[in-house]
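Remarks on the structure that follows.
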Amino acid sequence: MVQSSLEDDKADDIVVIELADKSSIADFMVIASGRSQRQLSAMAQHLREKLKAAGVHGIAAEGLERCDWVLIDSGDVIVHLFRPEVREFYNLEKMWGVNLQAVEEDAETPAGSA
């Protein structure tokens, strides 16, 4: 549902990182970019509404004042929404051992062509 909501809002470079074997903080981390503060705000608002409608309780959000980096903690899934330059600076994918270039190449390969 998280990924679908972000795709509906035209998020860029969505990366899903499975944390179940790496950390006890959550099962998944989702990282995505938006082109502007306004888009990040809308993505965060829509995602929070969808999570609440799905019955998720205790949703916490930080960074909504500036919308450079918005963190949404829904318990099992932590979502980081960035403006591209902020995402590049913090590079969370690298911290969790994700090779972003390989993820981008996989996204560009049409299904069934590999």
Side-chain angles (χ1 to χ4, degrees):
M1 175 186 44
V2 171
Q3 187 171 357
S4 175
S5 177
L6 296 174
E7 288 171 352
D8 289 348
D9 287 334
K10 308 296 185 224
D12 293 326
D13 303 322
I14 301 169
V15 175
V16 178
I17 303 170
E18 188 170 349
L19 297 179
D21 296 332
K22 297 178 182 181
S23 176
S24 62
I25 61 171
D27 292 335
F28 293 93
M29 178 180 295
V30 180
I31 303 170
S33 298
R35 293 178 281 301
S36 68
Q37 291 171 322
R38 177 178 242 164
Q39 184 187 16
L40 283 182
S41 177
M43 288 190 305
Q45 180 182 345
H46 295 157
L47 181 56
R48 290 173 66 201
E49 290 169 0
K50 289 177 183 178
L51 288 168
K52 287 179 185 177
V56 178
H57 299 286
I59 302 165
E62 296 183 29
L64 292 170
E65 304 80 32
R66 295 193 59 206
C67 289
D68 288 329
W69 176 2
V70 177
L71 170 91
I72 300 173
D73 185 349
S74 65
D76 292 338
V77 180
I78 297 174
V79 181
H80 295 275
L81 304 174
F82 290 101
R83 284 189 309 107
E85 60 273 12
V86 178
R87 181 176 180 173
E88 185 177 328
F89 178 80
Y90 287 103
N91 200 359
L92 292 184
E93 293 93 346
K94 183 177 180 183
M95 181 176 85
W96 288 100
V98 175
N99 181 350
L100 189 55
Q101 182 176 356
V103 170
E104 289 173 353
E105 288 172 359
D106 288 345
E108 292 173 0
T109 304
S113 66

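Numbering of residues begins at 1 and proceeds along the displayed sequence. These values consider heavy atoms only, across backbone and side chains, with no hydrogens, waters or symmetry-generated copies.
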Give the intermediate values and the outcome of side-chain contact (heavy atoms from CB on, under 4.5 Å) for residues I59 and D73.
CA-CA 6 Å; I59 302 165; D73 185 349; over 6 Å; no
Please evaluate residues I17 and I31 with respect to the criterion side-chain contact (heavy atoms from CB on, under 4.5 Å), reporting the C-alpha separation (whole Å), side-chain torsions for both, the decisive distance (0.1 Å), and the verdict.
CA-CA 8 Å; I17 303 170; I31 303 170; 3.8 Å; yes
Check step by step if side-chain contact (heavy atoms from CB on, under 4.5 Å) holds for R87 and D13.
CA-CA 10 Å; R87 181 176 180 173; D13 303 322; 3.4 Å; yes
Criterion side-chain contact (heavy atoms from CB on, under 4.5 Å) on F82 and L92, from CA distance to verdict:
CA-CA 11 Å; F82 290 101; L92 292 184; 3.7 Å; yes
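A salt bridge links D8 with K50: the closest approach of a Lys/Arg side-chain nitrogen to an acidic carboxylate oxygen falls below 4.0 angstrom.
H46 has its side chain out of reach of L51: every pair of non-hydrogen atoms, C-beta onward, lies at least 4.5 Å apart. In this structure the side chain of V79 reaches within 4.5 angstrom of the side chain of L47, judged on heavy atoms. Contact annotation: the side chain of V30 never approaches that of H80 to less than 4.5 Å [non-hydrogen atoms, C-beta and beyond]. Within the 4.5 Å cutoff, side-chain heavy atoms of L71 are placed close to those of I78. Put simply, the side chain of F28 reaches to within 4.5 Å of the side chain of V16, judged on heavy atoms. The shortest distance between side-chain heavy atoms of E18 and D27 does not fall below 4.5 Å.
Within 6.0 Å of CD on E88 lie no more than 12 heavy atoms contributed by other residues, nucleotides or ligands. By the neighbour-count criterion of 12 heavy atoms within 6.0 Å, atom CD of E7 is densely surrounded, having more than that number from other residues, nucleotides or ligands.
Between atom CG of residue L6 and atom NZ of residue K10 there is a gap of 12.0 Å, rounded to the nearest 0.5 Å. In this structure, R83 CZ and C67 SG are separated by 9.5 Å, a value rounded to the nearest 0.5 Å. To the nearest 0.5 Å, the span separating CG on L81 from CG on D12 amounts to 11.5 Å. Taking OG of S41 as the reference point, atom CZ of R66 lies at 14.0 Å (rounded to 0.5 Å).
When only modelled atom types and interatomic distance are considered, D68 and Q37 share a side-chain donor-acceptor pair under 3.5 Å.
Taking both residues in full, the closest heavy atoms of A44 and L64 are given as CB-CD2, 3.7 Å, listed atom of the first, atom of the second, then distance. The minimum heavy-atom distance between L40 and G34, with the atom names listed, is CD2-N, 3.8 Å. Across all non-hydrogen atoms, the minimal contact from A32 to I14 is CB-CG1, 4.0 Å.
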